[in-house]
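I have placed the structure first, in the form of structure tokens, so that the comments after it can refer back to it.
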Amino acid sequence: MFLAMLITKASIHDAKEAEELILSTRPEGHFILGDEGYIGERLHDSLKIDGYILWTPYRKNMKGAKQHNKRELMAIRRTIESVFSVLKYYGIENILARSVDGFQQTVEIIVLTYNISYILQRYGFSFFN
């Protein structure tokens with residue numbers, strides 16, 4: 001389920017905005033999973049000061065990758081990637097908006113649709129009982 005999101009230009013790297021997004025939402029847990037794009041000491045160190053531990057998988061060719069990339073954490077990463085697949089299914093990659101506001105609204109509708117679907121599935125609600 002999504003707690004927060006931030007839309008930026010494609011030219012802005014995710015890691016630059018990640019810290020602000022994390023600190024503005026203040027997630028309850030102290031462990032944050034990132035993808036390979038978040039490998040970098042600056043972000044790790046900055047979040048550590050605020051009490052968060054950022055875990056990112058190592059690339060396969062990096063030293064110590066087999067020990068670092070634990071199976072349980074990689075399974076959680078796969079779950080996150082499957083959420084991205086669902087968002088793609090809902091059309092998040094093919095938004096044809098005429099304005100920034102239209103784009104934002106469409107993204108918010110897609111995320112809301114995903115969140116409602118997630119809650120209905122999680123609590124076993126079915127329209128066809």
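Bear in mind the structure is a predicted one, so any value in this text is a computation, not a measurement.
- Placement of Val86 and Tyr123 within a single hydrophobic cluster is found when ILVMFWY residues are connected by side-chain heavy-atom separations under 4.5 Å, directly or transitively.
- Sorted by first and then second residue, the ring-ring contact (aromatic ring centres under 6.0 Å, His included) pairs involving residues 89-115 (not counting sequence neighbours) are Phe2-Tyr114.
- For the pair Thr113 (side chain) and Ile109 (backbone), a donor-acceptor distance under 3.5 Å is present.
- The backbone N or O of Ile53 lies less than 3.5 Å from no partner atom in the side chain of His44, so there is not a single donor-acceptor pair.
- Using a 4.5 Å heavy-atom cutoff, the side chains of Leu47 and Asp45 are not in contact.
- Linking ILVMFWY side-chain heavy atoms closer than 4.5 Å, directly or via other members, places Ile95 and Val100 in two distinct hydrophobic clusters.
- By the criterion of side-chain heavy atoms lying less than 4.5 angstrom apart, applied directly or through intervening Ile, Leu, Val, Met, Phe, Trp or Tyr residues, Leu43 is not grouped with Ile49; the two fall into different hydrophobic clusters.
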Please lay out, stage by stage, how Lys9 and Glu17 fare under the test salt bridge (Lys or Arg N to Asp or Glu O under 4.0 Å).
-> CA-CA 11 Å; Lys9 294 179 182 180; Glu17 301 296 329; over 6 Å; no
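- Annotation: the span from Glu20 atom CD to Ser46 atom OG amounts to 11.5 Å, rounded to 0.5 Å.
- Rounded to the nearest 0.5 angstrom, Asp101 CG and Glu108 CD are separated by 9.5 Å.
- Hydrophobic clustering (ILVMFWY, side-chain heavy atoms < 4.5 Å, transitive): Leu21 and Ile32 are in distinct clusters.
- The distance from atom OH of Tyr52 to atom CG of Leu23, rounded to the nearest 0.5 Å, is 6.5 Å.
- Residues Val83 and Leu6 do not share a hydrophobic cluster, defined by chaining ILVMFWY side chains whose heavy atoms lie under 4.5 Å apart.
- The salt bridge (Lys or Arg N to Asp or Glu O under 4.0 Å) check on Arg78 picks up nothing, with sequence neighbours excluded.
- A distance-only check finds a donor-acceptor pair linking the side chain of Ser82 to the backbone of Thr79 [under 3.5 Å].
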